[in-house]
Amino acid sequence: MVIETERLLLREMTKNDFDSLYKVLGDSDIMQHYPYTFDEIRVRNWIERNMERYRILGFGLWAVCLKETGEMIGDCGLTMQLINGQIKPEIGYHIRGDKQRKGYAKEAAIAVRDWAFNNTPFNIIYSYMKYTNEPSFKTAISYGCTQVDEYLDEENEITKVFAISREVWANR
């Protein structure tokens, strides 16, 4: 499965993506809003978990690659997450530091949003993040979300929840 945008290819991750993904998830600046920065074991487990998601669900976080070079610069995709006590479909994204602020997260999230509404029965797609993660909630807003919830959570202190409905997406 490959999703193509103007500048990006989103494809299933493989074990060969370890080095590229470690540059993202192992970067403490990128992961400052996450409960921890990933070590090598966590990155390998992240890849394995997404490969399992592809097999079971048909989706997961996909490798975000520059179309021009094939270079993997992060991940973006659809996963099922526990959000304020309920399992919900969520678009997540992580982009390597030197490739941030170039619109790649927005471009990838739009592609995932469109894929999700065209290929799943979900009527609402979410993105959630720690309340201090301004770049992440700006990305959620940029792909069409509005804030729908905010709650206290043991890991993030305060979690913001953004969402877009199928109806809003179809009428945009």
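Keep in mind it's a predicted model, so treat the numbers as computed, not measured.
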Requested in this report: Examine distances only and state if a side-chain atom of Thr14 and a backbone atom of Asn16 form a donor-acceptor pair shorter than 3.5 Å.
Outcome: yes
Query raised in the report: Of all heavy-atom pairs between Arg166 and Pro121, which one has the smallest distance, and what is that distance?
Result: NH2-C, 3.6 Å
**Report entry** Distance in Å, Arg96 CZ paired with Asp75 CG, rounded so as to fall on 0.5 Å steps
**Finding:** 12.5 Å
Query raised in the report: What residue pairs, at least two apart or across chains, pass salt bridge (charged side-chain N to carboxylate O under 4.0 Å, His left out) with a residue in residues 80-94?
Result: none
Query raised in the report: Taking the side chain as C-beta and beyond, is there a heavy-atom pair between Phe137 and Cys145 under 4.5 Å?
Result: no
Requested in this report: Compare all side-chain heavy atoms of Leu152 with those of Ile158 and state whether any distance is below 4.5 angstrom.
Outcome: yes
Query raised in the report: Is the shortest distance from a Lys or Arg side-chain nitrogen in Arg11 or Asp17 to a carboxylate oxygen in the other one below 4.0 Å?
Result: yes
Query raised in the report: Does CZ in Arg101 sit with more than 12 non-hydrogen atoms of other residues, nucleotides or ligands closer than 6.0 Å?
Result: no
Query - Hydrophobic cluster of Ile41, others only, ordered by chain and residue number, side-chain cut-off 4.5 Å - result: none
Requested in this report: Please examine the side chains of Thr120 and Leu78, heavy atoms only from C-beta on, and report whether any two atoms are closer than 4.5 Å.
Outcome: yes
Query raised in the report: Between Ile3 and Leu9, does a side chain to side chain contact (heavy atoms under 4.5 Å, CB included) hold up when you go through it step by step?
Result: CA-CA 6 Å; Ile3 299 172; Leu9 294 174; over 6 Å; no
Report task. Locate the shortest heavy-atom distance separating Tyr93 from Ser136; write the atom from each residue and the value. Result -> OH-O, 2.8 Å
Query raised in the report: Is there side-chain contact between His94 and Met31, with at least one heavy-atom pair below 4.5 Å?
Result: yes
Query raised in the report: For the atom pair CD1 (Ile30) and CG (Leu25), what is the distance rounded to the nearest 0.5 Å?
Result: 8.0 Å
Query raised in the report: Can Ile87 be reached from Ile125 by stepping across I, L, V, M, F, W or Y side chains whose heavy atoms are under 4.5 Å apart?
Result: yes
Query raised in the report: Taking all atoms of both residues into account, what is the closest heavy-atom pair of Val64 and Ala108, and its distance?
Result: CG2-CB, 4.2 Å
Query raised in the report: Between Lys67 and Glu107, is there a side-chain N and carboxylate O pair less than 4.0 Å apart?
Result: no
Requested in this report: Assess the side chains of Ser165 and Glu167: does a donor N or O sit below 3.5 Å from an acceptor N or O?
Outcome: no
Query raised in the report: Does any donor atom in the side chain of Arg53 or Asn50 lie under 3.5 Å from an acceptor atom in the other side chain?
Result: yes
Query raised in the report: What pair of heavy atoms forms the shortest contact from Phe38 to Val43, and how long is it?
Result: CB-CG2, 3.6 Å
Query raised in the report: Rounded to the nearest 0.5 Å, what separation is found between the CZ atom of Phe59 and the CE atom of Met80?
Result: 5.5 Å
Query raised in the report: Is there a side-chain contact between Met13 and Tyr54 (heavy atoms, below 4.5 Å)?
Result: yes
Requested in this report: Please tell me if the side chains of Arg44 and Lys15 come closer than 4.5 Å, counting only heavy atoms from C-beta onward.
Outcome: no
Requested in this report: Measure the spacing between CG of Leu61 and CD of Glu12 and express it to the nearest 0.5 Å.
Outcome: 12.0 Å
Query raised in the report: Angle class for the Trp62/Trp115 ring planes (parallel below 30°, perpendicular above 60°, tilted otherwise)?
Result: perpendicular
Query raised in the report: Which pair of non-hydrogen atoms, one from Ile124 and one from Ala163, has the smallest distance, and what is that distance?
Result: CG2-CB, 3.7 Å
**Report entry** Exercise: identify the closest heavy-atom pair between Ile91 and Cys76
**Finding:** CG2-SG, 4.2 Å
Query raised in the report: Rounded to the nearest 0.5 Å, what separation is found between the CD1 atom of Ile83 and the OG atom of Ser127?
Result: 8.0 Å
Query raised in the report: About how many Å separate CD1 of Ile110 and CH2 of Trp169, when rounded to the nearest 0.5 Å?
Result: 12.5 Å
Query raised in the report: Given Ile95, which of Gln100, Lys102, Lys106 fulfils the side chain to side chain contact (heavy atoms under 4.5 Å, CB included) condition?
Result: Gln100
Query raised in the report: Among Asp149, Thr159, Asp153, which one satisfies side-chain hydrogen bond (donor to acceptor under 3.5 Å, both in side chains) with Asn84?
Result: Asp149
Requested in this report: Ignoring hydrogens and angles, tell me if any N or O in the side chain of Arg113 forms a donor-acceptor pair with the backbone of Tyr143 under 3.5 Å.
Outcome: yes
Query raised in the report: Do the non-hydrogen side-chain atoms of Lys99 and Leu66 ever get within less than 4.5 Å of each other?
Result: yes
Query raised in the report: Are Leu8 and Val2 connected, step by step, through hydrophobic side chains (Ile, Leu, Val, Met, Phe, Trp, Tyr) whose heavy atoms are closer than 4.5 Å?
Result: no
**Report entry** Heavy-atom side-chain proximity of Ile47 to Leu21 below 4.5 angstrom
**Finding:** yes
